[in-house]
2 protein chains.
Amino acid sequence: MEEIDRRIVTLLARDGRMSFTDLARETGLSVSAVHQRVRRLEKRGVVRGYAAIIDHDAVGLPLTAFVSIKPIDPAAPDDAPERLAHLSAIEACHSVAGDESYILKVRVASPVALEDLLQQIRASANVSTRTTVVLSTPYEHRAPELAPSEEAGEPETRQDGIA
Amino acid sequence: MEEIDRRIVTLLARDGRMSFTDLARETGLSVSAVHQRVRRLEKRGVVRGYAAIIDHDAVGLPLTAFVSIKPIDPAAPDDAPERLAHLSAIEACHSVAGDESYILKVRVASPVALEDLLQQIRASANVSTRTTVVLSTPYEHRAPELAPSEEAGEPETRQDGIA
DNA sequence: CATAACGACCGAATTCCATTCAGCACCGCC
DNA sequence: GGCGGTGCTGAATGGAATTCGGTCGTTATG
């Protein structure tokens, strides 16, 4: 992926509704060329979709928390993500290195709802939980800055010293 | 906020590029009515924006981590979010309850880049860090299910009995 | 009760944008 | 040089976004 595609991705990450006309202006390409590139980025899965960013306070889910989970029976098969997928209060599930096995990001309406959710998590996945409540969120969903790289996942620095 | 608005928000959270025509069909309203509602939701800040969801592996940022930070000098003014805002590798910053004061979500290109970022974080905010590396992400960015409620942050159950 | 004011809706008109298509230029390859 | 592939442009078309005028129902007010 090269420069222009990276630029397109950055712009769309910042404004997912930017028109092809504007993207064309920003990239210096024609409308049909950017259109083609965006479609390709979508097809390749570089752009996985588009979403509205919503204010969770405003929609009745003012309480955010991170829930770290650890299997109670370490020998049992680890299928926690699937077991928890039906809980729509769980916004994200990350498998992590460290003492615990997953970190979940959850959004609920109230402390009581959180308590209830934790019970469901424990029951559904047979895990113990450790919860960190979010007090406020200074920022979130910031778009990354895509620095020069070539294909997928390149080192951004490369020390070579001599040529 | 009532039923139809909640429905609109849910739909847009799932597909930020859904057309007004489709939203109209889904909600049973006319195109101009949904248009009006969406504009109002945007103006009120319920919908804070739109973003493309990108595959970080594909854009050269395959390494995600959670960095918990704790001030080295507890007496110093706590302005870590502003001090860290310039680091574009930081996607989100949450103030949290518990032992540590903030949890950052970061995306970098490589372990070396993570090491470098951690140093910048410590230097910029005068904090100690504890890092949890993400191994994989079963899911992320799931749209919440907006259950009945009226204004912002209502109890999710209400018993009334008679009409 | 009349009526004014407001809010939400609809349908039509207009403008703008997404999408497609036919060409053209630039490779790399045989 | 001919050929196929890739990426671009500009024009054409269809569909969507946005605006506007008008209707209806509700509420406040005299």
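All values reported here derive from a predicted model rather than from experimental measurement. Every heavy atom of this structure was used, including side-chain atoms; hydrogens, water molecules and symmetry mates were not. Chain identifiers are assigned alphabetically (A, B, ...) following the order of the sequence lines, protein sequences preceding nucleic acid strands; residue numbering begins at 1 within each chain.
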Fill in: Heavy-atom donor-acceptor pair, R83(B) side chain to N126(B) backbone, under 3.5 Å
no
Practice prompt. Measure across A51(A) and A13(B) and return the closest heavy-atom pair with its distance rounded to 0.1 Å.
Written response: CB-O, 3.4 Å
Worksheet item: Any ion pair linking E140(B) and R107(B) (charged N to carboxylate O, less than 4.0 Å)?
Response: yes
Worksheet item: Between T129(A) and R122(A), do the side chains contain an N or O donor and an N or O acceptor separated by less than 3.5 Å?
Response: yes
Worksheet item: Between I4(A) and V34(A), is there a shared hydrophobic cluster once you connect ILVMFWY residues whose side-chain heavy atoms come closer than 4.5 Å?
Response: yes
Practice prompt. Would you name the heavy atoms of I54(A) and V59(A) that are closest together and state the gap between them?
Written response: CD1-CG2, 4.3 Å
Discussion item. Looking at D55(A) and R44(B), is there a salt bridge between them, counting it only when a charged N and a carboxylate O are closer than 4.0 Å?
Written reply: no
Worksheet item: When the ring planes of H141(B) and H141(A) are compared, do they come out parallel, tilted or perpendicular, using 30° and 60° as the limits?
Response: tilted
Worksheet, complete the sentence: Quick tally for nucleotides 12-19 of chain D: nucleotides whose base has a protein heavy atom under 4.0 Å get B, sugar-phosphate-only ones S, the rest -, giving ----SSBB
Fill in: Interatomic distance, R44(A) CZ vs dT6(D) C1' [rounded to whole Å]
11 Å
Worksheet item: Atom CZ of R37(A) and atom P of dT9(D): how far apart are they, to the nearest Å?
Response: 9 Å
Practice prompt. Quickly work out the L29(A) CG to dG10(D) P distance and round it to whole Å.
Written response: 11 Å
Item to complete: Under 4.0 Å between any heavy atoms, over every strand shown, what does A33(A) touch: base, sugar-phosphate, or nothing? Just pick one.
Response: base
Worksheet item: Could you state the CD1-C1' distance from I8(A) to dC8(D), rounded to the nearest angstrom?
Response: 13 Å
Practice prompt. Using chain B heavy atoms and a threshold of under 4.0 Å, write down where along DNA chain C the contacts begin and end, 5' to 3'.
Written response: dA8(C) to dG11(C)
